[in-house]
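Have a look at the structure below, then the notes.
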Amino acid sequence: MENNLPKNYDPRAFEDRIYEAWESSGAFTPKIDKTQKPFTIMMPPPNITGQLHMGHALDQSLQDVMTRFKRMQGYCTLWLPGTDHASIATEVKILDKIKAEEGKTKEDLGREEFLKRAWDWKKQYGGRIDTQIRKLGSSCDWSRERFTMDEGLNKAVVEHFCRLYEKGLIYKGSRLINWCPVCGSALSDIEVEHVDKNGKYWYFRYPGADGGEGITVATSRPETMFSDVAIAVNPDDERYKHLVGKTVILPLVGREIPIIADPYPDPEKGTGAVKITPSADPNDFEVGLRHGLPVIECIDESAHMMETAGKYAGMDRFECRKAWVADLDAAGYLVKTEDMVIPTGECYRCHTVVEPRISEQWFVKMKPIAEPALKIAETGELNFVPDRFRKIYDHWLEEIRDWCISRQLWWGHRIPAYYCEDCGEMVVAREEPHTCPKCGGHKFRQEEDVLDTWFSSQLWPFSTLGWPEKTEDLEYFFPTTTLVTGYDIIFFWVARMAFASVDEMKCSPFKDVLIHGLVRDAQGRKMSKSLGNGIDPLDVIDQYGADALRFMLLSGIAPGSDIRYSNDKVESARNFANKLWNASRFAIMNLKNEDGSFKPIAGEDTARLMPEDRWMLSVINDSLADITANMEKYEYALAAGKIYELIWNQFCDWYIELAKGRLYGDDEKQKETTRFVLVKALKALLKLLHPFMPFITEEIWSFLPREEGAKDFLMHESWPVYDPALDYAEDVATLELAMDAIKAVRNIRAEAGAAPSKKLGVVLLAGETERKRLEAAESYLLNLANLHSVSFASGKEEVPEETMSAALPGVEIYVPLDELLDYEAEYARLTKERDRLTTEVSRQEAKLANQNFVSRAPEKVISNEREKLANYKDMLEKVLSRLPLVEAKLKR
RNA sequence: GGGCUGUUAGCUCAGCUGGUUAGAGCGCCUGCGUCACAUGCAGGAGGUCGUAGGUUCGAGUCCUGUACAGCCCACCA
């Protein structure tokens, strides 16, 4: 191994290698330890057809940051990965492929051959996304990986189905369901997306059967008229009262249908009269039931017109619409048309307009199952982060209707219902029955339909742990701790896992649900295939590294809200990684000898520490509680920001700069101490950053000296905790004052236009405490402000007249002008400072003169304000006394 | 129709339970090839915190109205 990190930060050089080392050593696999607390996350299983996208990258980063954090905190941590069979998506994808390659259709292949092909496809491509997830650094336990159609999960699905059936919560029936003519399957309510489309109302006159006036109705779907079975009017609608009970003729069709009174029609809408089409509209279906109306279908499974549509039979539904409207118009039945925005249902997969159809399907009775799921959210057993998403969950469960779970597909869990070939009797059973309970027959035919994909994924939190068997894993890791997912998936999955788990396991499947938003493009648009604006995470990883991508995703998010992706953000995360890389390189360079052995490092002897050492250790130590609290509350962006600040603005900008003087000096003892602090600080920082940037931190770690009893990997080290022994308030104050003074001198130098390389001398006039601190900090000033001398004046009279100056609370800083030679700049600076301080002083005075404030505000706040005022006054006074001197010089 | 979110520097966003001079990254301006890093260093400019009221000693932060942007839910012909 090399002695030090390579000069350039190149994540490609080590990310894969490190992942491989972790995985092959079993670093992600927890050893069940009853004395430890478990921490469990179930990975939302990506579709096997899926390609990694930015949404996954965010989802994975969140899960990994919490898994790594909890693991370091000492929890027995399981993050269980897996994939979903994604019934429709996969079936469509495979069929498309076969069609393209062999020209064969689903029917050509037959069920058995198709399934064989599907499994082959799964074997060949199904693991693709796993490889991609590894690139992100996800520390999930691949030895426990599951697939929603593997043997164990199959068993779980069948078991759950049978139990629900036995409880009377699953039934089969003919209902109006959402039908996707392209997918050729029923859909559940949430698989239908509502889109507003520009369309029309067509007003048609239905002439009276008795030759009377008839009635005019508006419709947005004229092609369904062949299925009309009545015209409904509101019983309170005076316009139509006299027509109720009469019949009208379906134009051109000639069928006679009744005019009925029903509360459903809204007199304000359209003409107030509604055509009733039970086979094509849920409301109409209900009306039909109330009035005992027949159901007539006119559109088939592929959205073509049926025989009932007469001469239009065989036409596509939308072609028929055109022809039919033209014919009605020609015949004089079209009264008028009106442009209108029509709410339309689309298939969430293929965006085909969904056709409501009467069809025999399997349903889950939802009310009794939904109620206990609502309860766990109410009691806090299930907790949403952010909390507002609970409302969405509640609302959906409160309004829930029965769940259509059967799909007319082949790829999926076949419904465990069997029909006796002899008498047709249906048996729902865990295995194919031998004997028909009704007729004693032995031949059975299994239900053709498969289950909704989500029927299996709802069991994911416990089926993956072995349920329905009572396994050790299930016992120990269930219920899980946190579920991480996007808000778009709350209904599809989160709510369903909740009710399935409450039903089978009698508890919530997880304590917290962490909801995140979508990753959008730089313009704020949703990343989508159709827009072609998607960014491939793998390309980003290749260019900037997984650590940079993760850090960008994790630091750019407010909980629950969307995030905009931009290359600039990843680039700045990469720059941060590069910064850490080089700081570490600096440290390691100073830690090792030529031959790679470590130079002597001071032990834990605090007496030897210098103020800057104590400051560094104290600053890190002080922020631990905050950072940890942020991590516990899923506030990763806040934690990341603090860690970034510590590494860049404290460790790199100040500590390393201060360390240089000592490391390049001759004092061996000083060097040993500096090395000690460098290592101690860097190690703590690497631990803090590790959950966010696992690769670079692990890589750097491997170059640092190992302590006795150290773990194999940084990922197994302990999360840092606050140490009261490292609280050095006085040293922190000293360093902070020194930093302010250094900045002030740098500022004077820049404003005066003096070269950075030019050494300056400064005179300090300071109060007692400040002077002590500054004396302790003299070497820092010399080095970091590039000075040749620092001298302390005991009073104004000792300060040279011609200087540029700066005022800090309790300190005046003077740089003699003969070293700077720029009165104008000094005058401008002083004037500006005078104005600023005058404003501040009057603001503070007004505040403190306010009786209300003084009498009501807490004592601490008031004394704070008083102190501020005193500081401002002090500083202002100094400025005011300097001003005339400089002015005089200017005039000369 | 119901519900939710956002509106803070040119851009992307922080700002926790109301209390230092409202912050960061990127961009911009001025210097700097200094031996960890130019993927960098030092310094700097830039904000009436959408708008109108209210509560309070004190409001970016709480309340109400309002405008704009966006999202979700919903069986309106």
Side-chain angles (χ1 to χ4, degrees), chain A residues 4-5 7-9 176 189-190 194 201 217-221 232 264-266 268-277 281-286 340 342-343 345 356 388-389 391-392 395-396 399 401 487-488 490-491 517-518 522 524 544 555-558 560-564 566 568-569 571-590 626 629-630 633 635 637-638 641 644-645 652-653 656-657 660 664 743 746-751 753 755-757 786 836 839-840 843 847 850-858 860-862 864-865 867-868 871-872:
Chain A
N4 200 345
L5 300 166
K7 180 157 171 55
N8 293 317
Y9 166 62
L176 194 72
D189 292 337
I190 47 174
H194 296 271
Y201 277 181
V217 301
T219 178
S220 60
R221 301 203 52 200
Y264 165 58
D266 176 354
E268 305 293 317
K269 290 236 160 74
T271 63
V274 186
K275 71 189 201 62
I276 299 301
T277 319
D281 182 281
N283 289 308
D284 294 8
F285 185 76
E286 295 296 319
M340 192 62 75
I342 309 292
R388 67 183 132 96
F389 290 104
K391 244 183 213 174
I392 298 182
H395 183 253
W396 188 67
E399 302 294 315
R401 285 173 300 157
Y487 54 67
D488 50 337
I490 293 175
F491 307 137
L518 270 35
Y544 299 104
S555 51
I557 45 168
S561 54
D562 293 350
I563 174 176
R564 288 191 196 204
S566 78
D568 284 355
K569 291 187 196 172
E571 206 169 297
S572 89
R574 190 275 319 266
N575 292 353
F576 171 53
N578 181 63
K579 186 73 183 176
L580 173 66
W581 184 264
N582 280 291
S584 305
R585 210 159 66 83
F586 169 83
I588 295 162
M589 189 173 83
N590 286 289
D626 264 4
N630 288 142
K633 287 189 281 185
E635 295 166 346
L638 293 177
Y644 177 102
E645 213 267 339
C652 293
D653 286 353
I656 287 188
E657 292 309 319
K660 282 178 182 171
Y664 298 153
K743 283 187 217 165
R746 284 171 175 170
N747 178 265
I748 288 172
R749 182 196 292 274
E751 294 208 356
S757 52
N786 197 27
R836 184 182 76 88
T839 315
E840 293 302 342
R843 185 213 300 267
K847 202 182 245 187
N850 183 337
Q851 265 311 310
N852 277 325
F853 172 67
V854 179
S855 59
R856 299 197 200 189
K860 201 178 146 235
V861 172
I862 297 172
N864 235 328
E865 298 297 322
E867 197 178 317
K868 263 158 59 183
N871 277 336
Y872 288 137

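Residue numbering restarts at 1 for every chain, and letters A, B, ... go by the order of the sequence lines.
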Work out how far the [atom1] atom of [N] is from that of [M], and round it to whole angstrom.
N: B:G23; M: B:A14; atom1: C1'; answer: 7 Å
N: B:A36; M: B:G18; atom1: P; answer: 47 Å
N: B:G1; M: B:G47; atom1: C1'; answer: 40 Å
N: B:G46; M: B:C11; atom1: C1'; answer: 13 Å
N: B:G40; M: B:A52; atom1: C1'; answer: 48 Å
N: B:U55; M: B:G65; atom1: C1'; answer: 15 Å
N: B:A42; M: B:C26; atom1: P; answer: 12 Å
N: B:U48; M: B:A9; atom1: C1'; answer: 13 Å

Does [N] have a Watson-Crick or wobble partner in any strand here, with both distances under 3.5 angstrom, and which is it?
N: B:A42; result: B:U30
N: B:C4; result: B:G70
N: B:A24; result: B:U12
N: B:G18; result: none

Between [atom2] on [N] and [atom1] on [X], what's the gap in Å once rounded to a whole number?
X: A:Tyr264; N: B:A77; atom1: OH; atom2: P; answer: 8 Å
X: A:Asn786; N: B:C32; atom1: CG; atom2: P; answer: 15 Å
X: A:Leu518; N: B:U5; atom1: CG; atom2: C1'; answer: 14 Å
X: A:Tyr9; N: B:C37; atom1: OH; atom2: C1'; answer: 14 Å
X: A:Lys391; N: B:C4; atom1: NZ; atom2: P; answer: 4 Å
X: A:Asp562; N: B:U12; atom1: CG; atom2: P; answer: 14 Å
X: A:Trp396; N: B:C73; atom1: CH2; atom2: C1'; answer: 12 Å
X: A:Ile490; N: B:U5; atom1: CD1; atom2: P; answer: 13 Å

Given [options], the nucleotide with the shortest approach to the side chain of [X]:
X: A:Pro343; options: B:A77, B:C37, B:G44; answer: B:A77
X: A:Ser572; options: B:G25, B:A36, B:A77; answer: B:G25
X: A:His395; options: B:C73, B:C37, B:U5; answer: B:C73
X: A:Asn747; options: B:A77, B:G44, B:A14; answer: B:G44
X: A:Arg585; options: B:A77, B:A42, B:A36; answer: B:A36
X: A:Lys569; options: B:A36, B:A77, B:U12; answer: B:U12
X: A:Tyr201; options: B:G25, B:U39, B:A77; answer: B:A77
X: A:Arg746; options: B:A36, B:C72, B:G43; answer: B:G43
X: A:Asp266; options: B:A77, B:C41, B:C73; answer: B:A77

Sugar-phosphate, base or nothing in reach of [X], heavy atoms under 4.0 Å:
X: A:Asp568; value: sugar-phosphate
X: A:Thr219; value: sugar-phosphate
X: A:Gly272; value: base
X: A:Pro356; value: nothing
X: A:Leu638; value: sugar-phosphate
X: A:Lys7; value: sugar-phosphate
X: A:Phe285; value: nothing
X: A:Lys275; value: nothing
X: A:Tyr644; value: sugar-phosphate
X: A:Phe576; value: nothing
X: A:Ala558; value: sugar-phosphate

RNA chain B: 5'-proximal contact among A:Val217 and A:Gly556 (nearest heavy atom): A:Gly556
Residue closer to the 5' end of RNA chain B, A:Glu657 versus A:Ala750 (nearest nucleotide): A:Glu657
Sidechain-backbone polar pair: A:Asp562 side chain, A:Gly517 backbone, donor-acceptor under 3.5 Å: no
A:Lys569 (side chain) donor-acceptor with A:Ser555 (main chain) under 3.5 angstrom: no
Side-chain heavy-atom pair [X], [Y] within 4.5 angstrom cut-off:
X: A:Asn786; Y: A:Arg749; answer: yes
X: A:Lys579; Y: A:Cys652; answer: yes
X: A:Ile392; Y: A:Phe491; answer: yes

A:Asn630 side chain to A:Asp626 side chain, donor-acceptor N/O pair below 3.5 angstrom: no
Residue pair A:Asn575, A:Tyr9: steps toward the side chain to side chain donor-acceptor pair (under 3.5 Å) verdict: CA-CA 9 Å; A:Asn575 292 353; A:Tyr9 166 62; over 6 Å; no
Would you say [X] places a side-chain N or O within less than 4.0 Å of OP1 or OP2 belonging to [N]?
X: A:Asn8; N: B:U39; value: no
X: A:Tyr487; N: B:G70; value: no
X: A:Arg564; N: B:C13; value: yes
X: A:Asn575; N: B:G40; value: yes

Do [X] and [N] share a donor-acceptor pair, side chain to base, under 3.5 Å?
X: A:Arg574; N: B:U39; value: yes
X: A:Lys660; N: B:A36; value: yes
X: A:Glu635; N: B:A14; value: no

From CG (A:Asn582) to CG (A:Leu5), nearest 0.5 Å: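 Here the rounded value is 8.5 Å.
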Pair A:Trp396-A:Ile490, side chain to side chain contact (heavy atoms under 4.5 Å, CB included): steps then yes or no: CA-CA 9 Å; A:Trp396 188 67; A:Ile490 293 175; over 6 Å; no
Parallel, tilted or perpendicular: rings of A:Tyr644 and A:Phe576 (30°, 60°):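 Because their plane-to-plane angle lies in the 30° to 60° range, the rings of A:Phe576 and A:Tyr644 count as tilted.
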